[in-house]
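Below is one structure, written out as structure tokens; comments come after it.
Note that the structure is predicted; figures quoted are calculated from it, not measured.
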Amino acid sequence: YEAGFKCKTIELLVYSNVKINSNVLPIFYQNDLAYNKKIYASSSYDDKCSVNFSEYGYWRAAAQLTEYDGSDWLEVDFDEITKINTIVIGELDFSPRLIKYRILFLDETNQWRELLIHKFIKGQEQLHRFNTISTTKLRIEFLECQMEQNGYYEPIVNVFKVYCTG
């Protein structure tokens, strides 16, 4: 802390199904493994069906105005067997909708296997750490969403990053 500078406290919550031996998070030296990979979506709010997480980009599913039907998903295709052990997911702060999602991966027999189910904590990026797996595809299925202030229910995601740390 230096005189004249304001400090900000940052709280980071870690969800892990493996024992964390330290309260210090590993530094992510690796690049986001989903960067520049093909990302597919169940639907899109616009006709382009585009998914763009670079800069200030985000993905928004097709509009749902009466309730959420649980049909939306995002999928990254790594094009080759890729080792992963960390996933970060986030939504736009001004339009919170996510309640619950699950993450699946394609195993060596081309079968989808459940990696985790998670209840979203509003206003925070969700950081998931787990034992290293090898996969060619990763999918997030949005199971529950709530209505936000403008009456929309569909998921809207602005962070979807994948890593393999140390």
### Message
Let me confirm one number: the CG-NZ distance from Asp32 to Lys37, rounded to the nearest 0.5 Å.
### Response
10.5 Å
### Heavy-atom side-chain proximity of Pro96 to Glu91 below 4.5 angstrom
yes
#### Entry: Leu104-Ile39 co-clustered via ILVMFWY side chain contacts under 4.5 Å
no
### Query
Out of Tyr45, Phe142, Phe160, which residue meets the ring pair (Phe, Tyr, Trp, His ring centres under 6.0 Å) rule with Trp59?
Phe142
### Query
What's the shortest heavy-atom distance between Leu115 and Phe130, and which atoms?
CD2-CZ, 3.5 Å
### Query
What's the shortest heavy-atom distance between Val157 and Gly90, and which atoms?
CG1-O, 3.3 Å
#### Entry: Plane angle bin for His118 and His128 - parallel if under 30°, tilted between 30 and 60°, otherwise perpendicular
perpendicular
### Task
Could you tell me whether the side chain of Thr86 and the main chain of Arg129 form a donor-acceptor pair under 3.5 Å?
no
### Query
Is Asn158 reaching over with its side chain to a backbone N or O of Tyr58, donor-acceptor style, under 3.5 angstrom?
no
### Message
Hydrophobic clustering (ILVMFWY, side-chain heavy atoms < 4.5 Å, transitive) - are Ile117 and Trp73 grouped together?
### Response
no
### Query
Is there a path of hydrophobic side-chain contacts, each under 4.5 Å between heavy atoms of I, L, V, M, F, W or Y residues, that connects Tyr153 with Phe120?
yes
### Query
Between Asn85 (side chain) and Asn131 (backbone), is there a donor-acceptor pair under 3.5 Å?
no
### Message
On a heavy-atom basis, which atom in Leu33 and which in Cys164 lie closest, and how many Å separate them?
### Response
CD1-N, 3.7 Å
### Interatomic distance, Ile156 atom CD1 to Leu92 atom CG [nearest 0.5 angstrom]
4.5 Å
### Message
Any side-chain to backbone donor/acceptor pair from Glu148 onto Asn150? Under 3.5 Å, distance only.
### Response
yes
### Task
Look at the side-chain heavy atoms of Ile, Leu, Val, Met, Phe, Trp and Tyr, link any pair under 4.5 Å apart, and say whether Ile140 and Ile99 land in one connected group.
no
### Side-chain (Gln64) to main-chain (Asp69) donor-acceptor, under 3.5 angstrom
yes
### Query
Distance-only, no hydrogens or angles: does the Glu80 side chain make a donor-acceptor pair with backbone N or O of Phe78 under 3.5 Å?
no
### From Tyr101 atom OH to Lys119 atom NZ, the distance as rounded to the nearest 0.5 Å
13.0 Å
### Task
Verify, without hydrogens or angle tests, whether Glu141 (side chain) and Gly70 (backbone) share a donor-acceptor contact under 3.5 angstrom.
no
## Note on the structure
Scanning both residues in full, the closest heavy-atom pair of Gly123 with Asp93 reads CA-OD1, 4.2 Å
### Query
Sub-3.5 Å donor-acceptor pair from the side chain of Asp107 to the main-chain atoms of Thr109, do we have one?
yes
### Message
Distance check, rounded to the nearest 0.5 Å: Glu75 atom CD versus Leu138 atom CG?
### Response
8.5 Å
#### Entry: Ile81 atom CD1, over 12 foreign heavy atoms within 6.0 Å
no
### Query
Does NZ belonging to Lys122 count more than 12 external heavy atoms closer than 6.0 Å?
yes
### Task
Hey, could you give me the CD/CG distance between Glu144 and Leu98, rounded to the nearest 0.5 Å?
11.0 Å
### Nearest heavy-atom neighbours spanning Tyr40 and Asp77
CE1-CB, 4.0 Å
### Task
Determine, stepwise, if the pair Tyr152 / Leu65 fulfils side chain to side chain contact (heavy atoms under 4.5 Å, CB included).
CA-CA 5 Å; Tyr152 293 100; Leu65 295 170; 3.4 Å; yes
### Query
Same hydrophobic cluster for Leu116 and Ile87, using side-chain heavy-atom links shorter than 4.5 Å among ILVMFWY?
yes
### Task
Drop me the distance from Tyr68's OH to Arg97's CZ, to the nearest 0.5 angstrom.
11.0 Å
### Donor-acceptor contact below 3.5 Å, side chain Glu154 vs main chain Arg60
no
